[in-house]
Undergrad: 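Have a look at the structure that comes next, please.
Chain identifiers are assigned alphabetically (A, B, ...) following the order of the sequence lines, protein sequences preceding nucleic acid strands; residue numbering begins at 1 within each chain. Remember, predicted model here, so these are calculated numbers, not experimental data.
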Protein chains: 2
Amino acid sequence: MGVTQSQKFNTRENKLADYARALAHPARIAILQFLIKQKTCFCGDIVEHLPFSQSTVSQHLKELKEAGLIKGEIEGVRTCYCINEKEWKTAQKQINNLFDNYTGYNDCC
Amino acid sequence: MGVTQSQKFNTRENKLADYARALAHPARIAILQFLIKQKTCFCGDIVEHLPFSQSTVSQHLKELKEAGLIKGEIEGVRTCYCINEKEWKTAQKQINNLFDNYTGYNDCC
DNA sequence: CATATCAATCGCAATATTACGATGTATTTG
DNA sequence: CAAATACATCGTAATATTGCGATTGATATG
């Protein structure tokens, strides 16, 4: 989203939307699940595991990294990806913060 | 996303991505927060509260409704919107299911 | 140092999202 | 029943996302 639009909202709303956007594609959900499950987490492993090309997977990894949910470290010719523990927990908290705000007592329909 | 692509993934991954996509815009986050906070929840109230036109707000409401997170009921000339309690909780569970899968012991970077 | 491997990035086409004004539809009110 | 009100939907332009092949760059290996 452009800068003009994001300025209409506060930091919390924008950050929350950013986390959600990172999760808003089944390929990225699948990548995250794979990273959680596997101990080895090279890009190539993910490419083998998903029905997408190397460039596409690399781009999804980039978006997850930019959202902060994962981190990648270059190990020689490979890059090792894994969950970014700290921001992973932050994201979960922020999202639950929204969900928990609803206590179920304002059902007006 | 097109049908061709979503077939590459399982129902759970697709549904999770759908919930996330509904939350992937600060305007929709703001709408949800407003619905949670207010007792009256007519479309017009939201339009007054947000820096968007009536048609834009209506479209965001439609997307939230299609994702299942809210429901709307026509009350004469107005439409009353509120959180869809059941699916709201389902969404929270599904999302937490993903987050909780990560236990923090596979940091390989 | 030539070659192979791995992954990031570029360029591009297809598709999706976003936002809005204009219009349509139903309901209420005078 | 005419006018006003509230909202949905349509049409459209601008922008963003998605996916891939091709290329690049960096490291390893013979």
Side-chain angles (χ1 to χ4, degrees), chain A residues 1-9 13-14 17-18 20-31 34-35 40-67 70-82 108-109, chain B residues 1-9 13-14 17-18 20-31 34-35 40-67 70-82 108-109:
Chain A
M1 195 173 58
V3 174
T4 315
Q5 291 298 324
S6 66
Q7 283 177 339
K8 291 183 176 181
F9 301 95
E13 286 160 347
N14 283 314
D18 282 344
R21 198 149 41 79
L23 301 178
H25 195 294
R28 291 195 288 272
I29 299 285
I31 288 173
F34 186 76
L35 287 186
T40 62
C41 40
F42 298 111
C43 177
D45 299 328
I46 303 169
V47 173
E48 276 179 37
H49 190 252
L50 287 189
F52 288 113
S53 72
Q54 180 266 320
S55 61
T56 301
V57 170
S58 189
Q59 206 169 305
H60 281 305
L61 285 167
K62 190 185 175 189
E63 279 161 53
L64 288 169
K65 201 167 141 191
E66 278 170 359
I70 67 172
K71 51 185 175 172
E73 199 159 280
I74 298 170
E75 284 189 7
V77 73
R78 295 176 160 186
T79 305
C80 178
Y81 284 99
C82 63
C108 66
C109 300
Chain B
M1 195 172 59
V3 175
T4 314
Q5 290 299 322
S6 66
Q7 282 176 340
K8 291 184 175 181
F9 301 94
E13 287 161 345
N14 282 314
D18 282 344
R21 200 149 40 78
L23 301 178
H25 195 295
R28 291 195 288 272
I29 299 286
I31 288 173
F34 187 75
L35 287 186
T40 62
C41 41
F42 297 112
C43 177
D45 299 328
I46 303 170
V47 173
E48 277 178 35
H49 188 253
L50 287 189
F52 288 112
S53 73
Q54 180 267 320
S55 61
T56 302
V57 169
S58 188
Q59 207 169 304
H60 281 304
L61 286 167
K62 189 185 176 188
E63 280 162 52
L64 287 169
K65 199 167 142 191
E66 278 169 359
I70 68 172
K71 50 185 174 172
E73 200 157 280
I74 298 170
E75 284 188 10
V77 73
R78 295 175 161 187
T79 304
C80 177
Y81 284 100
C82 63
C108 67
C109 300

Undergrad: Ignoring backbone atoms, test whether A:Y81 places a side-chain nitrogen or oxygen under 4.0 Å from the OP1 or OP2 oxygen of C:dA8.
TA: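 True: A:Y81 side-chain N/O within range (under 4.0 Å) of C:dA8 OP1/OP2.
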
Undergrad: Considering only heavy atoms from C-beta outward, does the side chain of B:I46 approach that of B:L35 to under 4.5 Å?
TA: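 Of all side-chain heavy-atom pairs linking B:L35 with B:I46, at least one is under 4.5 Å.
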
Undergrad: Are any of A:R78's side-chain N or O atoms less than 4.0 Å away from OP1 or OP2 of D:dA26?
TA: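 No, because none of the side-chain N or O atoms of A:R78 sits under 4.0 Å from OP1 or OP2 of D:dA26.
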
Undergrad: Tell me what A:Q59 touches on the nucleic acid: a base, only sugar-phosphate, or nothing, going by heavy atoms under 4.0 Å.
TA: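 Base, at least one base atom sits under 4.0 Å.
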
Undergrad: Could you tell me the separation between the CD atom of A:E73 and the P atom of D:dT27, rounded to a whole number of Å?
TA: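 Those two atoms, CD and P, are 14 Å apart.
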
Undergrad: Side chain of B:T56 only, please: which of D:dA22, C:dC20, D:dC7 is the nearest?
TA: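 Minimum distance to the B:T56 side chain belongs to C:dC20.
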
Undergrad: Can you find a donor-acceptor N/O pair under 3.5 angstrom joining the side chain of A:S55 to the base of D:dG21?
TA: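 Answer is yes: a donor-acceptor pair is held.
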
Undergrad: Say whether, by atom type as modelled, one donor and one acceptor occur between the side chain of A:R28 and the main chain of B:A17 under 3.5 angstrom.
TA: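 No.
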
Undergrad: Would you call the rings of B:H60 and B:H25 parallel, tilted or perpendicular, taking 30° and 60° as the class edges?
TA: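 Geometry flag for B:H25 against B:H60: tilted rings.
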
Undergrad: Starting the side chain at C-beta, find the nucleotide from D:dA8, D:dA22, D:dC20 nearest to B:K8.
TA: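 Output: D:dC20.
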
Undergrad: Round to the nearest Å and state the distance from A:H49 atom NE2 to C:dA7 atom P.
TA: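 After rounding, the reported distance stands at 16 Å.
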
Undergrad: Closer than 4.0 Å, any side-chain N/O of B:H60 to the OP1 or OP2 of C:dA19?
TA: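 Checking B:H60 against C:dA19: at least one side-chain N or O falls below 4.0 Å of OP1 or OP2.
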
Undergrad: What is the distance, to the nearest angstrom, from the CD atom on B:E63 to the C1' atom on C:dT17?
TA: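 Roughly 8 Å, once rounded to whole Å.
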
Undergrad: Between the protein and nucleotides 28-30 of chain C, which nitrogen or oxygen pairs come in under 3.5 angstrom?
TA:
none

Undergrad: Give me the atom names and distance for the closest heavy-atom approach of A:K65 to A:G72.
TA: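 Result for this residue pair: CD-N, 4.1 Å.
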
Undergrad: Could you tell me how far apart B:I74 (CD1) and D:dC7 (P) are, to the nearest whole angstrom?
TA: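 After rounding, the gap between these two atoms is 11 Å.
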
Undergrad: In whole angstroms, how far is the C1' atom of C:dT18 from the CZ atom of A:F9?
TA: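 One finds 11 Å between C1' of C:dT18 and CZ of A:F9, rounded.
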
Undergrad: Is the closest side-chain heavy-atom distance between A:R78 and A:C43 below 4.5 Å?
TA: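 In short, these two side chains do not touch, never coming nearer than 4.5 Å.
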
Undergrad: Can you tell which of D:dC7, C:dA7, D:dG19 lies closest to the side chain of A:F52?
TA: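 When the side chain of A:F52 is considered, D:dG19 is the closest of D:dC7, C:dA7, D:dG19.
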
Undergrad: B:I70 has an atom CD1; how far is it from atom P of D:dC7, in whole Å?
TA: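 Between P of D:dC7 and CD1 of B:I70: 13 Å.
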
Undergrad: Which atom names give the shortest non-hydrogen contact between B:A22 and B:L64, and what distance separates them?
TA: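 Reported closest heavy-atom pair: O-CD2, 3.8 Å.
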
Undergrad: What is the minimum heavy-atom distance between B:C80 and B:C41, and which atoms define it?
TA: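 Of all heavy-atom pairs spanning B:C80 and B:C41, the closest is SG-SG, 3.5 Å.
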
Undergrad: Counting heavy atoms from C-beta on, name the nucleotide in D:dT18, C:dT18, C:dA8 closest to the side chain of B:R28.
TA: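 Looking only at side-chain atoms, B:R28 lies closest to C:dT18.
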
Undergrad: If you assign each of B:S53 and A:C43 to its closest nucleotide in DNA chain C, which residue comes earlier from the 5' end?
TA: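 Nearest-nucleotide comparison on DNA chain C picks A:C43.
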
Undergrad: Calculate the interatomic distance between B:Q54 atom CD and D:dA8 atom P; express it in whole Å.
TA: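 It is 7 Å, rounded to the nearest whole Å.
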
Undergrad: Would you please confirm or rule out a distance under 4.0 Å between OP1 or OP2 of C:dA7 and any side-chain N or O of A:S58?
TA: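 False: A:S58 side-chain N/O out of range (4.0 Å or more) of C:dA7 OP1/OP2.
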
Undergrad: Would you mind reading off the distance between A:L23 atom CG and D:dT18 atom P, rounded to a whole angstrom?
TA: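 Taking atom P of D:dT18 as the reference, CG of A:L23 is at 12 Å.
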
Undergrad: Where do A:Y81 and A:I70 come nearest, in terms of heavy atoms and distance?
TA: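 Heavy atoms only, the tightest pair is CD2-CD1, 3.7 Å.
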
Undergrad: Want to settle it: does B:P51 or A:L61 sit nearer the 5' end of DNA chain C, counting the closest nucleotide to each?
TA: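 Its nucleotide being nearer the 5' end, the pick is A:L61.
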
Undergrad: Between B:G44 and A:A27, which is nearer to the 5' end of DNA chain D once each is assigned its nearest nucleotide?
TA: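 Of the two residues, B:G44 wins.
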
